[in-house]
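Fair warning: this is a prediction, and the values are worked out from it, not measured in the lab.
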Amino acid sequence: MSANARPSWLPPMPAAQALAAPVLICIMLSMLVLPLPAFLLDVFFSFNIAIALVVLLVASYTIKPLDFAAFPTILLITTMLRLALNVASTRAVLMHGHTGPDAAGKVIESFANFLIGGNFAVGIIVFAILTVINFIVVTKGAGRIAEVSARFALDAMPGKQMSIDAELNSGAIDDKEARRRRLEVSQEADFYGSMDGASKFVRGDAIASMLILAINVVGGLAIGLVQHNLSLERAATNYVLLAIGDALVAQIPALVVSLAAGLIVSRVGQEDDIGGQVGSQLFKMPRALGLSATVLGLLGVIPGMPHVAFLLLAAACGYAAWWLSKRQRELALRPPEPEVVERPIAPSTEASWEDVVPVDMLGLEVGYRLIPMIERNQASDLLTRIKGVRKKFANEVGFLPPAVHIKDNLELRPNGYRVTLKGAVIGEGEAFPERFLAINPGHAMGQLSGTPTQDPAFGLPAVWIDGGRRDEAQVAGYTVVDAATVIATHLNHLMGVHASKLLGRAEVQQLLDHLAKYAGKLSEEVVPKLLPVAALQKVLQNLLDESVHVRDLRTIVESLAENAPRTQDPSELTREVRVALAPAIVDQIYGHARELDVIAFDPNLENLLSQALAPGAAGALEPGVADLVVKATSDAAARQESAGVPACLLVPDRIRVPVARLLRKGAPRLRVLGHAEIPDTHSIRIGRIIGDAT
């Protein structure tokens, strides 16, 4: 249950109860300007004391601070109530104090006569002591605890949020529980921040009480002596005594509420209330009680000491120590309770929809030796890395991928893992948590002793090495990463390769909802008026299949708005969108370079491919020619990359799609551009021509 939720056993809140706080505030404001009779002052002062006691008892029975999240607001209301009563009672004392000690009601008179015996000097001293206790001891300590707690709560918020996201991604909690925990973390920080500020109310209340007392004493004496011609003794008896009684009747509830604030912010643990926590922890060690009984007994036999008090306390502590020690021995000797074996309930033979388990969109399965890497209480940061992979994917590709559901699979090798997409395996590998993977990027020198393997993401030669050889491998030019990074990098690579399959109908709708936040009219104009969601999804998947990010959704939708009235064919729409995204596509491949080093086909080969692959062409490309084209293009792309130049093939627009489809498997890293996709701001330099080998 959240901090602000009403308990289930309470009846629904009626309208009158909802008006209680506004009515109370209006009454407090009226006290500031309207004179109140003595009877109402007695009622409100009694109500103030009762509210303070209720707040203290609720705070003492609170399990965790958020169970009393309304306390900062209550602290403000009770402080304002006391100040309003001070103003109302001051008006009554100054206006009618000459009539007698009951001018401001029986409550103030009782406090003035009973608590301090009618001696205003004693009253001033008692009031000063209560103010010091409240202002310097209780309020200052509670304010400091609230300040530190607020700072720690704010500093811990990112870590707690990441932990919640990691548990959500691993499937340990569902979306509802994650939202509840995020709300609780936010409310905890807000609560301690509010308590830090609310402590200033009590500080100001204490200062105001001292000023009000001084004003009442001086003003009362002046009014009594000047206006009513009272003697100094009579004026002091009436006005000063009433002023002190007024101050005391307000200061005692203030001290009670401040004590409640201290109890709230100083709580540690969330298993028991304050009484149970103190009783179970303070009196659980018989040895401490026994030593205390010994010291008290020695003090009791010293001549001149109060023997009866010390000896009685020594006897009580000694008996408590003996009883606790006896009880602990009995519990230690007591045989363990027999385990209750419940008879298993026969499962229902009827099938239900609960038996249908949905397939995880994106999953990570690990062997049993990798289980510690996915446990929340371990030091491994695999869960954090996976969360970072999702965030990186969203920033680079343009949509938030599905959550990665992680689980163990005892059928895998002990150190094995595999990545699944809609239940199908799309990648697998091995990782060793206690070792490091040294990857040879192509220029590393020397051989390393270890277990030879390949980088699971890109297939580069690598070696699993011990942690002690990490520095040696880095000096030799190897890229050294830990097991968590290996798995996260492999997952990131597979997500990029299969980005189009990760873009489902739900993700497309989320993209449209996000677009509507800053371009709502554009979104409503195109989808679904001009184009159905399914066609938009297909266009976006076509872009992702050729490694074109969809971050610039505004440009994509604007292009669709322009071309959708002419055609609904996703392939044609994709071609137009690519032309609109041409600057971004070129920038994604070449960066900020203005001269583009490209690969091109020989004119004869280009004519041959156009006759065979162009839309509506009657001919077909022979398998042998297709294999030669793929091999030659792959070799040219490899030479371009080895020279530090992006592998990009420039072809006529009408054959760009079939050529890209033809070369996708043989040269997966090759990018294919059409002539219309080259911005006017860039120039072309043909670095390699394919055609002689065919």
Notebook entry, point to check: When you measure from the side chain of Gln568 to the backbone N and O of Leu530, does any donor-acceptor pair fall under 3.5 Å?
Noted result: yes
Next item on the list: Taking the side chain as every heavy atom from C-beta outward, state whether Leu608 and Val625 have any pair of such atoms under 4.5 Å apart.
Entry: yes
Notebook entry, point to check: Taking the side chain from Arg656 and the backbone from Val672, do they hold a donor-acceptor pair closer than 3.5 Å?
Noted result: yes
Checklist line | Heavy-atom side-chain contact between Tyr417 and His490 under 4.5 Å | finding: yes
Check: For Tyr590 and His682, does a side-chain donor sit closer than 3.5 Å to a side-chain acceptor?
Finding: no
Item checked: 4.5 Å side-chain heavy-atom contact, Leu362 and Met495 -> yes
Notebook entry, point to check: Quick one: are Arg505 and Gln509 in side-chain contact, heavy atoms under 4.5 Å?
Noted result: no
Next item on the list: Measure across Phe393 and Ala499 and return the closest heavy-atom pair with its distance rounded to 0.1 Å.
Entry: CZ-CB, 3.9 Å
Next item on the list: Drop me the distance from Gln640's CD to Asp635's CG, to the nearest 0.5 angstrom.
Entry: 12.5 Å
Check: Does a sphere of radius 6.0 Å around NE2 in His514 hold more than 12 heavy atoms from other residues, nucleotides or ligands, not counting ones at 6.0 Å or beyond?
Finding: no
Next item on the list: Verify, without hydrogens or angle tests, whether Asn492 (side chain) and Ala488 (backbone) share a donor-acceptor contact under 3.5 angstrom.
Entry: no
Note to self: Please check this pair: side chain of Asp482 against backbone of Thr485, looking for a donor-acceptor N/O pair closer than 3.5 Å.
What the structure shows: yes
Next item on the list: Indicate yes or no for a side-chain donor-acceptor contact from Asn440 to the backbone of Ala462 under 3.5 Å, with no hydrogens or angles considered.
Entry: no
Item checked: Check: Asn542 side chain, Thr574 main-chain N or O, donor-acceptor pair, under 3.5 Å -> no
Next item on the list: Return the minimal non-hydrogen interatomic distance between Ala483 and Pro433, and the atom names on each side.
Entry: CB-CA, 3.8 Å
Notebook entry, point to check: Would you say the side-chain atoms of Asp360 pair up with the backbone N or O of Gly363, donor to acceptor, closer than 3.5 Å?
Noted result: no
Next item on the list: Determine, for Lys529 against Glu525, whether the closest basic-nitrogen to carboxylate-oxygen distance falls under 4.0 angstrom.
Entry: no
Check: Within a strict 4.5 Å, meaning less than it, do heavy atoms of the Leu503 and Leu511 side chains meet?
Finding: yes
Margin query: Are the side chains of Arg369 and Arg413 in contact, using a 4.5 Å heavy-atom criterion?
Written below: no
Checklist line | Minimum heavy-atom distance between Ala473 and Leu448, given as atom pair plus value | finding: CB-CD1, 3.5 Å
Next item on the list: Look up atom OG1 in Thr489 and atom CD1 in Ile439, then write down how far apart they are to the nearest 0.5 Å.
Entry: 7.5 Å
Next item on the list: I would like to know whether Arg551 and Glu396 meet salt bridge (Lys or Arg N to Asp or Glu O under 4.0 Å); could you show each step before the answer?
Entry: CA-CA 7 Å; Arg551 291 197 309 249; Glu396 292 182 352; over 6 Å; no
Margin query: Taking the cut-offs as 6.0 angstrom to the six-membered ring centre and 45 degrees off its axis, would you call Arg435 and Phe432 a cation-pi pair?
Written below: yes
Check: If you look at every heavy atom in Leu544 and Val548, which pair is closest and at what distance?
Finding: CD2-O, 3.6 Å
Checklist line | Ile599: which of Ile690, Ile689, Leu650 passes side chain to side chain contact (heavy atoms under 4.5 Å, CB included) | finding: Ile690
Next item on the list: For Met361 and His405, run side chain to side chain contact (heavy atoms under 4.5 Å, CB included): C-alpha distance rounded to whole Å, both residues' side-chain angles, the deciding distance at 0.1 Å, then the answer.
Entry: CA-CA 8 Å; Met361 186 69 177; His405 292 274; over 6 Å; no
Notebook entry, point to check: Side-chain contact, heavy-atom cut-off 4.5 Å: Arg575 with Val657?
Noted result: no
Note to self: Between Ser610 and Glu606 (side chain of the first, backbone of the second, donor and acceptor by atom type, cut-off under 3.5 Å), is there such a pair?
What the structure shows: yes
Margin query: Taking the side chain as everything from C-beta on, heavy atoms only, tell me whether Arg685 gets closer than 4.5 Å to Leu596.
Written below: no
Next item on the list: Please answer whether the main-chain N or O of Gly674 pairs with a side-chain N or O of Glu677 as donor and acceptor at a distance below 3.5 Å.
Entry: yes
Notebook entry, point to check: So which heavy atom on Ala484 is nearest to which on Leu382, and how close?
Noted result: O-CD1, 3.7 Å
Margin query: Between Ser642 and Ala638 (side chain of the first, backbone of the second, donor and acceptor by atom type, cut-off under 3.5 Å), is there such a pair?
Written below: yes
